[in-house]
There are 2 protein chains.
Amino acid sequence: MATINDHYLKLKAGYLFPEIARRVSAFAAEHPDAPIIRLGIGDVTEPLPQACRSAMIRAVEDMGDRAHFKGYGPEQGYDWLRGAIATHDFQSRGCPIEASEIFISDGSKCDTGNLLDIFGNHNVIAVTDPVYPVYVDTNVMAGHTGEANEKGEYGGLVYLPITAENQFTAQIPSQKVDLIYLCFPNNPTGATATKAHLTAWVDYAKANGSIIFFDAAYEAFITDPSVPHSIYQIEGARDCAIEFRSFSKNAGFTGTRCAFTVVPKTLTAKAADGSDVELWKLWNRRQSTKFNGVSYIVQRGAEAVYSPEGQAQTKALVDFYMENAKIIREQLAAAGIQVYGGTNAPYVWVKTPNNLSSWDFFDKLLNVCNVVGTPGSGFGAAGEGYFRISAFNSRENVNEAMRRITESFKV
Amino acid sequence: MATINDHYLKLKAGYLFPEIARRVSAFAAEHPDAPIIRLGIGDVTEPLPQACRSAMIRAVEDMGDRAHFKGYGPEQGYDWLRGAIATHDFQSRGCPIEASEIFISDGSKCDTGNLLDIFGNHNVIAVTDPVYPVYVDTNVMAGHTGEANEKGEYGGLVYLPITAENQFTAQIPSQKVDLIYLCFPNNPTGATATKAHLTAWVDYAKANGSIIFFDAAYEAFITDPSVPHSIYQIEGARDCAIEFRSFSKNAGFTGTRCAFTVVPKTLTAKAADGSDVELWKLWNRRQSTKFNGVSYIVQRGAEAVYSPEGQAQTKALVDFYMENAKIIREQLAAAGIQVYGGTNAPYVWVKTPNNLSSWDFFDKLLNVCNVVGTPGSGFGAAGEGYFRISAFNSRENVNEAMRRITESFKV
């Protein structure tokens with residue numbers, strides 16, 4: 001008899017975003033004329049940069065010409081893309097990262113989940129609370145947790161609250177943890193990590209033989225020049241951190257699909273016999289065996305992000321969304337609603353008015369304002385009473401959504 | 001201290017194709033002028049069909065237009081592609097498969113590996129020998145095997161030899177196995193499975209509560225009308241089989257990346273408490289959590305395979321490669337070399353002349369003829385003494401390679 005992976009049965013009813021989609025669909029079915037504005041899922045709305053589109057059209061044309069046709073590419077990505085990334089995203093900021101340490105993939109979501117393949121089953125795992133749900137769910141699936149309690153917290157995970165009470169800082173735990181997920185600029189709170197904060201984490205990880213999974217998917221949205229864009233700006237991080245990056249948010253690739261993960265060759269973890277094993281070799285083997293690389297066409301599109309035109313066009317996109325974030329922050333604050341984030345990240349983290357629960361505020365916002373956001377409690381127990389509003393939308397929709405919310409919730 | 005997944009350390013030195021690449025690179029470095037012809041890795045060489053390229057260019061243009069821009073798509077793939085597949089590849093052959101049972105992915109290699117996520121760790125697993133190495137390596141990584149012996153066979157796996165002695169048929173095992181990998185038309189041997197043979201497997205699986213992983217990546221190359229293209233042409237297969245399909249070989253998508261996996265909603269496996277759990281739900285949850293869908297642009301390219309032009313153009317591609325296969329078969333046979341396969345698959349499976357080992361023949365072919373093939377022993381112990389020659393190349397290269405081989409190895 002074939003048997004299933006029983007750990008899947010521990011997962012709570014649904015991944016957050018499908019549940020939101022379900023409620024919105026039900027509402028839309030009952031109110032087919034409601035002018036719904038979606039500021040929920042962090043999905044971009046503006047056209048792909050011209051430089052990326054032109055590069056992809058040239059790449060499609062390559063595929064029609066036997067001399068330039070591309071079959072299987074390197075599972076790790078093409079050298080021209082890995083090189084462009086190493087130069088522009090890391091070496092230009094003084095980070096000692098080589099092209100060969102960059103693994104191109106079809107998404108950071110995929111990578112953060114798949115990376116668990118190369119780690120053992122008995123690591124102590126820390127996540128922030130609130131947290132991007134994929135970090136938790138993939139650990140549940142891999143059997144690294146116990147059951148969930150009534151608040152949705154899984155046994156065996158170490159939760160590090162990031163709330164207004166601690167200025168949205170992931171405090172160093174008193175106990176030893178082996179794998180730590182940090183996402184800065186933070187999804188969902190929009191908080192950032194200072195250089196001192198990341199230095200403390202790197203020091204902790206090096207002292208304890210821990211590995212930091214650093215998700216920098218939103219680094220392009222940093223406006224404060226003192227905030228690090230990469231964990232490799234911290235000395236010693238090459239020995240204790242893996243970094244995730246994506247073209248989804250800076251260049252609008254959520255539907256085009258390209259991301260990358262940095263695994264320094266100096267990074268090791270322990271085998272059962274106590275020896276140190278290079279994680280680069282394991283991840284390289286994992287990707288060679290279970291992945292076949294990203295579409296040549298898409299990689300050419302990603303490469304164009306680093307052209308002068310691509311850089312100008314992605315900056316314009318980021319600036320556009322950050323202007324939306326500013327409008328959201330300012331309008332809500334003027335209406336007396338407490339807001340956080342939104343200055344170095346495309347998310348505004350809202351304290352729900354009148355102590356509404358996150359889902360009650362979700363339902364109210366949907367019913368009264370026809371605006372979709374994301375309930376903070378969907379990101380973890382410590383997100384209860386908060387609400388995430390995404391800056392990814394047209395200016396018109398952002399203005400209209402703010403008009404409706406401020407009229408309804410003026411306090 | 002972070003620890004690794006020690007099962008990775010059981011893996012043999014290298015995945016087959018990287019090892020071939022290493023030897024070819026070393027040879028090319030020593031002989032920079034050698035006119036190497038590559039018939040090793042099963043990679044296509046001819047341009048992508050015009051219909052697919054036109055569709056992808058239109059899709060890139062959609063991405064430049066706010067009204068048609070696509071962000072995150074469904075993790076399972078777009079309905080228009082799932083629907084086209086269900087209609088053309090399954091319902092047209094009488095297979096009762098619905099669009100919702102089709103999961104679009106970036107590769108069958110990825111899917112065959114990732115699918116293990118949803119199964120338990122104590123299933124008894126059967127593979128053919130020779131076998132596509134990914135099936136074995138992903139089970140080693142997942143901890144489903146013991147160590148390898150000197151022949152490269154892993155403890156705990158059930159190997160089903162497919163050799164000339166049994167007419168390249170995967171015999172039903174006498175013992176009970178839970179998960180069975182079958183690939184027909186077969187990579188590497190080029191053998192096919194008859195309807196009676198697949199019926200026997202379906203009956204076995206249903207009687208034993210086993211699940212068949214049916215890899216039909218090469219179904220487009222079937223020329224014999226009596227050979228099934230899908231396992232769902234066998235009655236009862238909906239209750240015991242998952243099927244893998246790809247656009248890599250029929251439409252030349254090895255560098256473009258699109259595939260799909262069929263998980264019928266009627267398929268179940270056992271939870272620890274003895275209850276039946278729908279595998280569709282688990283795979284849907286896995287994909288929603290650890291995958292973000294295939295690029296919109298690429299999915300539009302795949303959809304075009306099903307247009308009248310796309311159908312004609314992919315048929316022309318398949319016919320072209322199968323004419324290559326015919327030339328390889330006939331030339332080698334005329335030179336007195338024993339050949340198998342190559343009539344319903346783009347691979348010719350060669351008995352090495354003079355009882356050379358597979359790798360000795362590889363080295364000889366590379367050194368003497370400057371032709372790259374794939375050593376049969378790289379696919380498993382029972383592949384020793386065999387050699388795979390791929391029909392994926394230009395006519396000119398195939399003719400030239402055959403000229404060189406037949407001159408050198410005439411027996």
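Residue numbering restarts at 1 for every chain, and letters A, B, ... go by the order of the sequence lines.
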_Under 4.5 Å from any heavy atom of chain B, what part of A:Leu9 do you find: side chain, backbone, both or neither?_
side chain
*Given the options A:Cys52, A:Ser54, A:Ala272, which has more heavy-atom pairs under 4.5 Å with chain B than any of the others?*
A:Ala272
_Pick from A:Arg286, A:Gln50, A:Gln299 with the largest number of heavy-atom pairs that fall under 4.5 Å of chain B_ = A:Arg286
_Please classify the contact of A:Asp117 with chain B as side chain, backbone, both or neither, using a heavy-atom distance under 4.5 Å._
both
*Where do B:Thr256 and A:Met63 land on the side-chain contact (heavy atoms from CB on, under 4.5 Å) test, with the steps shown first?*
CA-CA 9 Å; B:Thr256 301; A:Met63 290 300 215; 3.4 Å; yes
*Pick whichever of B:Gly107, B:Ser248, B:Ser394, B:Gly252 has the most heavy-atom pairs under 4.5 Å with chain A.*
B:Ser394
_Partner chain B: residue of A:Ala21, A:Gly113, A:Cys110 with the largest heavy-atom pair count (under 4.5 Å)_ = A:Cys110
_Separation of A:Ile297 CD1 from B:Arg257 CZ (nearest 0.5 Å)_ = 11.5 Å
_Using a 4.5 angstrom heavy-atom cutoff, name the option from A:Met141, A:Met56, A:Lys70 with the most pairs to chain B._
A:Met141
*Roughly how far, to the nearest 0.5 Å, is CG of B:Asp106 from OG of A:Ser105?*
9.5 Å
_Heavy-atom cut-off 4.5 Å, strictly under: side chain, backbone, both or neither for A:Phe291 against chain B?_
both
*Checking heavy atoms, do the side chain of A:Val298, its backbone, both or neither come under 4.5 Å from chain B?*
side chain
*For the student: nearest non-hydrogen atoms of A:Ala269 and B:Ala2, plus distance*: CB-O, 3.4 Å
_Need one label for B:Val294: side chain, backbone, both or neither, based on atoms under 4.5 Å from any heavy atom in chain A._
backbone
*Among B:Gly143, B:Gly301, B:Ser295, which residue forms the greatest number of heavy-atom pairs with chain A at distances under 4.5 Å?*
B:Ser295
*Flag the pair A:Tyr72 / B:Ile41 as yes when at least one side-chain heavy-atom distance between them is below 4.5 Å, and no otherwise.*
yes
*Is it the backbone or the side chain of A:Asn292 that comes under 4.5 Å from a heavy atom of chain B, or both, or neither?*
both
*side-chain contact (heavy atoms from CB on, under 4.5 Å) evaluation trace for B:Arg285 with A:Leu11*: CA-CA 9 Å; B:Arg285 183 63 197 247; A:Leu11 289 163; 3.8 Å; yes
*Measure from the side-chain N and O atoms of B:Lys109 to the backbone N and O of A:Ser288, and report whether any donor-acceptor pair falls under 3.5 Å.*
yes
_What part of A:Val124 gets within 4.5 angstrom of chain B, counting heavy atoms only: side chain, backbone, both, or neither?_
neither
*With no hydrogens and no angle check, is any side-chain donor or acceptor of A:Asn123 less than 3.5 Å from a backbone partner on B:Thr3?*
yes
*Among A:Ile57, A:Leu279, A:Asp65, which residue forms the greatest number of heavy-atom pairs with chain B at distances under 4.5 Å?*
A:Ile57
_Are the side chains of B:Thr45 and A:Arg66 in contact, using a 4.5 Å heavy-atom criterion?_
yes
*Using non-hydrogen atoms and a 4.5 Å limit, figure out which bit of A:Leu282 sits close to chain B: side chain, backbone, both or neither.*
both
_Taking side chain as everything from C-beta outward and backbone as N, CA, C, O, which of these in B:Tyr296 sits under 4.5 Å from a heavy atom of chain A? Side chain, backbone, both or neither._
both
*For each of A:Asp273, A:Ile118, A:Thr138, A:Ile211, tally heavy-atom pairs with chain B at distances under 4.5 Å, and name the one with the top tally.*
A:Ile118
*Could you tell me the separation between the CZ atom of A:Phe119 and the CD1 atom of B:Ile4, rounded to the nearest 0.5 Å?*
9.5 Å
*Under 3.5 Å donor-acceptor, B:Asn5 side chain and A:Gly120 backbone*: no
*Around atom NZ of B:Lys10, are there more than 12 heavy atoms of other residues, nucleotides or ligands at under 6.0 Å?*
yes
*asked:* Does this structure show an ion pair linking A:Arg53 with B:Glu61, if we count only N-O contacts that are shorter than 4.0 Å?
replied: no
*asked:* For B:Thr289 and A:Asp137, which I'm curious about, is there any donor-acceptor pair between the side chains at under 3.5 Å?
replied: no
